[in-house]
2 protein chains.
Amino acid sequence: MTQNKTIKEGRVGAANKQLILSAAEKEFAKNGLKGTRIQQVADRAGLPKTNVLYYFKTKENLYLAVLEQILDLWNSVFDQATSTDDPAEVLARYISEKMEFSLTRPESSKIFALEIINGAPNLGGFFKERHVTWTEGRVAVVNEWIAQGKLKTDDAEFLLFHIWACCQHYADFAAQITHLQGKEMGRVEYDRATKALIGLILTGCGLVVPDSYK
Amino acid sequence: MTQNKTIKEGRVGAANKQLILSAAEKEFAKNGLKGTRIQQVADRAGLPKTNVLYYFKTKENLYLAVLEQILDLWNSVFDQATSTDDPAEVLARYISEKMEFSLTRPESSKIFALEIINGAPNLGGFFKERHVTWTEGRVAVVNEWIAQGKLKTDDAEFLLFHIWACCQHYADFAAQITHLQGKEMGRVEYDRATKALIGLILTGCGLVVPDSYK
DNA sequence: ATAAAACCTGACTAATCGGTCAACTTATTT
DNA sequence: AAATAAGTTGACCGATTAGTCAGGTTTTAT
């Protein structure tokens with residue numbers, strides 16, 4: 001017999017759960033937690049509202065499930081980097097990954113942004129702790145690079161912020177960018193933006209852009 | 001007799017209108033349009049709910065008034081810059097201005113961010129047109145700088161996006177930054193962040209940071 | 001002074017929406 | 001096959017909340 005988290009368990013209905021989560025992610029990204037109606041999620045999933053409630057009990061619950069699924073994607077090549085690695089390679093790769101995330105999962109990025117703008121009331125202490133630890137570790141690596149004369153920047157933490165800001169901007173502010181450019185950014189435009197960003201950040205840190213990212 | 005926009009006019013109550021707008025800005029920044037209750041705005045302004053409705057008729061109306069007030073602040077030193085100006089000076093100044101805006105008007109930045117994330121459903125065509133024109137003009141200036149060999153970047157428009165992204169990040173993601181740094185960013189930390197960002201962007205464009213921004 | 005306009009607000013309403021419930025069907029176990 | 005659990009859904013309810021209204025007070029114009 002399979003274990004269950006709280007009271008009930010899922011068998012075939014697990015597919016429905018994923019269907020609902022996917023629909024909810026799109027709605028929450030567009031309208032936020034408060035602005036999203038359970039009915040909208042149900043309509044998008046092609047199910048009656050009551051069925052959504054059957055699986056997730058409350059709207060808050062559904063939102064938390066969506067959020068949790070998003071935070072599970074928060075891994076990157078930077079996680080395991082050490083000061084013996086080449087900063088140009090690591091940073092270029094890290095930026096590429098985050099840009100790829102903005103291209104393929106814009107709704108995830110938007111939900112995270114909405115959550116932070118609202119003061120992160122639903123981000124559990126567990127995620128926050130892990131995030132602090134992760135950041136401290138990365139800052140330490142960058143500082144070692146600086147000490148080794150491999151990289152120049154005023155502040156390692158601010159550098160991380162600036163990378164996050166630029167990459168997330170392409171997902172969160174896509175509406176603005178689309179309007180300014182007259183069309184949506186596709187794979188081609190994302191590749192150009194990624195190259196431009198890698199060039200800016202790496203050059204800004206006194207690094208040479210690896211040929212594979214030019 | 002003074003003219004009025006729709007039907008009525010404001011006299012002494014103009015002070016109240018501003019009081020309400022200020023309270024509404026804070027609430028909308030924290031909870032968004034859908035998530036904000038008129039009662040919350042009224043409470044913050046120290047007025048009965050009906051009084052808020054008296055001045056602004058509907059919640060949407062109030063939101064639009066807040067938004068309009070925010071967009072009126074969208075001016076900068078970059079507006080009048082030409083290709084004969086020094087790009088290092090202009091960009092450093094522009095970044096400083098935008099960072100100052102994030103420090104002093106974080107709620108404004110957040111409301112704008114929420115609006116864009118939601119697909120900009122309330123940004124009138126007038127603002128959008130103006131914004132496109134402004135951006136095209138600035139891109140042209142940067143491209144002239146590039147042609148003159150004063151500045152290096154892959155794409156002028158992406159450069160603007162990256163500047164916006166970084167500066168707005170300090171307002172919009174303040175909750176995250178506060179958590180990672182263990183305390184809120186004050187004037188001192190903003191000055192350090194501004195210098196780090198100016199260094200990154202200008203160096204990234206092959207410019208030398210002016211002494212006054214070091 | 002007085003008329004008119006602007007301003008103020010408690011009481012109320014209509015509509016929305018999250019969530020419950022009970023009856024039902026389908027799947028699984030033994 | 002029969003018992004039990006999981007899944008499905010229409011009908012309904014209570015709470016919330018945007019917005020109305022009517023009757024008042026204060027301010028301003030003349």
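Just so it is clear: chains get the letters A, B, ... in the order the sequence lines come, proteins before strands, and each one is counted from 1.
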Length of the line joining B/Tyr63:OH and D/dG19:C1', which is rounded to integer Å: 20 Å

A/Leu53 side-chain proximity, nearest of C/dC7, D/dA18, C/dG19: C/dG19

d(CG, B/Leu47; P, C/dA6) in whole Å: 19 Å

Any B/Tyr54 side-chain N or O less than 4.0 Å from OP1/OP2 of C/dC8: no

Rounded interatomic separation in angstrom, taking CZ from B/Phe56 and C1' from D/dT20: 19 Å

Spacing of A/Lys49 atom NZ relative to D/dC12 atom C1', expressed in whole Å: 10 Å

Nearest-neighbour nucleotide for the A/Pro48 side chain, D/dG19, D/dG10, C/dC8 considered: D/dG10

Integer-rounded Å distance: D/dA18 C1' and B/Lys34 NZ: 13 Å

Aromatic ring proximity B/Tyr170/A/His162, centre distance under 6.0 Å: yes

side-chain N/O A/Asn16 vs D/dA6 OP1/OP2, d < 4.0 Å: no

Interatomic distance where NZ belongs to B/Lys17 and C1' belongs to C/dA6 [whole Å]: 12 Å

Residues that B/Ser83 engages under side-chain contact (heavy atoms from CB on, under 4.5 Å), provided they are two or more places apart: B/Glu144, B/Trp145, B/Gln148

C/dG19 base / A/Lys57 side chain donor-acceptor hit below 3.5 Å: no

B/Ile38 CD1 - C/dT9 C1' separation (whole Å): 15 Å

Integer-rounded Å distance: C/dC17 C1' and A/Asn31 CG: 15 Å

A/Arg138 to A/Phe78, cation-pi by 6.0 Å centre distance and 45° axis angle: yes

Closest listed nucleotide, where the reference is the side chain of A/Asn51 and the choices are D/dT8, C/dG19, D/dT20: D/dT8

For B/Glu97 against B/Ser76, the heavy-atom pair lying closest together: OE1-CB, 2.9 Å

Charged tip of B/Lys98 within 45° of B/Trp74 ring normal and under 6.0 Å: yes

Candidates C/dG19, D/dT9, D/dG19 - which lies nearest the side chain of B/Thr58: D/dG19

Short side-chain N/O contact to D/dA18 OP1/OP2 from B/Arg37, under 4.0 Å: yes

Polar pair under 3.5 Å, donor/acceptor by atom type, side chain B/Lys59, base D/dG19: no

Toward the 5' end of DNA chain C, by each residue's nearest nucleotide, A/Thr50 or B/Tyr55: B/Tyr55

